[in-house]
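Have a look at the structure below before the remarks.
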Amino acid sequence: QYGFKSDDFSSDWTITPIVRGTTLQDPTLDLCSGTFESESGRKERRQVMAVKREMQVMFLSTETVRYQSRAAADAALKELKDTWNDCIKNGGGVDSSGRFVKYSILKIPESKAGLVTTSNRLIAHVTIGEGDSLRNLFAIYQFNGDLFTGLYVVKDRDKPFTELELLRWLDVAGEIANRLQSTTSNA
């Protein structure tokens, strides 16, 4: 209801849940190798991906999470922002294997997309990793009451996002924000 829907795309796209995308087994806030205690506060989760032949991106997905309460969602947002600030300060984060993963923070263009308030969102435009593992991520995390939505777009190392692409994805996130804000969630 809040993320990607089939009618958001033309018929050559397929929208499908990712593996374990309707469970709480996988993390939600997977940014900058952070560890998020707030994952235990999730109640429901649905992550879907959009695919078609000859996609211009490596990965395109939305995720919707309902937390057990607004306080649990607020805790998740605080952890996300704290981890992001540490990531910016340190130029990356240490993954579960103990390896440092480099994050290069990139510019986000000004946009008039109708996102949730600045205090309830985080936008990340980064290059992750180095060498063969390098990839470009544009992610928009938005919270409203006990609900969270994430829009994740990943491109390979040789294809950074253009400003026009970023503006397009910000507009998509604006549509997701409209859905999120029209909810009767525990706001």
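Note that the structure is a prediction, hence the values are computed from the model and not measured.
- Counting heavy atoms from C-beta on, the side chains of Leu60 and Val51 never come closer than 4.5 Å.
- Residues meeting the side chain to side chain donor-acceptor pair (under 3.5 Å) test with Ser40, sequence neighbours left out: none.
- By the ring-ring contact (aromatic ring centres under 6.0 Å, His included) test, Phe59 is found to be paired with no residue, residues two or more places apart in sequence or in another chain being considered.
- Annotation for Lys155 and Val57: closest pair CG-CG1, 3.8 Å, computed over non-hydrogen atoms.
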Salt bridge (Lys or Arg N to Asp or Glu O under 4.0 Å) between Lys81 and Asp86, intermediate numbers included: CA-CA 9 Å; Lys81 288 187 173 191; Asp86 288 345; over 6 Å; no

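- For residues 36-93, the pairs satisfying disulfide (SG to SG under 2.5 Å) are Cys32-Cys87, with sequence neighbours left out.
- Separating the CD atom in Gln181 from the CD atom in Gln142 is a distance of 7.5 Å, to the nearest 0.5 Å.
- In this structure, the side chains of Tyr103 and Leu31 come closer than 4.5 Å at one or more pairs of heavy atoms.
- With a 4.5 Å cut-off between side-chain heavy atoms of Ile, Leu, Val, Met, Phe, Trp and Tyr, the cluster of Phe100 takes in Val94.
- Checked by atom type, the side-chain pair Thr28/Arg42 shows a donor-acceptor distance below 3.5 Å.
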Step-by-step salt bridge (Lys or Arg N to Asp or Glu O under 4.0 Å) determination, Asp132 to Arg157: CA-CA 8 Å; Asp132 290 342; Arg157 66 176 182 248; 3.5 Å; yes

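- The CD atom of Glu110 sits 12.5 Å away from the CG atom of Leu166 when rounded to the nearest 0.5 Å.
- Panel note: side chain Arg45, backbone Thr23; a donor-acceptor pair is recorded below 3.5 Å.
- With values rounded to the nearest 0.5 angstrom, Gln47 atom CD is found 11.5 Å from Thr16 atom OG1.
- Ion pairing of Asp146 with Lys43 is absent here, as no side-chain N (NZ or NE/NH1/NH2) approaches a carboxylate O to less than 4.0 Å.
- Checked for salt-bridge contact, Lys107 and Glu163 miss the test: no charged N lies under 4.0 Å from a carboxylate O.
- Across every non-hydrogen atom of Tyr141 and Asp30, the tightest pair is OH-O, 4.3 Å.
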Pairs under 3.5 angstrom only: tabulate donor-acceptor contacts from the side chains of residues 114-121 to other protein residues two or more places apart or in another chain.
| unit_1 | atom_1 | unit_2 | atom_2 | d |
| --- | --- | --- | --- | --- |
| Thr117 | OG1 | Ser119 | OG | 3.3 |
| Thr117 | OG1 | Asn120 | ND2 | 3.1 |
| Thr118 | OG1 | Arg121 | NH2 | 3.3 |
| Arg121 | NH1 | Val116 | O | 2.5 |

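- Around CG of Asp12, the count of heavy atoms belonging to other residues, nucleotides or ligands within 6.0 Å exceeds 12.
- Annotation for Arg168: atom CZ does not count as buried by contact number, only 12 or fewer foreign heavy atoms lying within 6.0 Å.
- Minimum heavy-atom separation, Pro17 to Thr22: CB-CG2, 4.3 Å.
- Using a 4.0 Å cut-off between a side-chain N of Lys or Arg and a carboxylate O of Asp or Glu, Arg135 and Asp158 do not qualify as a salt bridge.
- A salt bridge is defined here as a Lys NZ or Arg NE, NH1 or NH2 lying under 4.0 Å from an Asp or Glu carboxylate O, and Lys78 with Asp74 fails to meet this definition.
- Pairs passing the disulfide (SG to SG under 2.5 Å) check and including a residue from residues 119-177, sequence neighbours excluded, do not occur.
- Atoms CG and CZ, on Leu167 and Phe161 in that order, are 12.5 Å from each other to the nearest 0.5 Å.
- Checked for salt-bridge contact, Arg46 and Glu63 miss the test: no charged N lies under 4.0 Å from a carboxylate O.
- Here the CG atom belonging to Leu170 is positioned 7.5 Å from the CD1 atom belonging to Ile108, to the nearest 0.5 angstrom.
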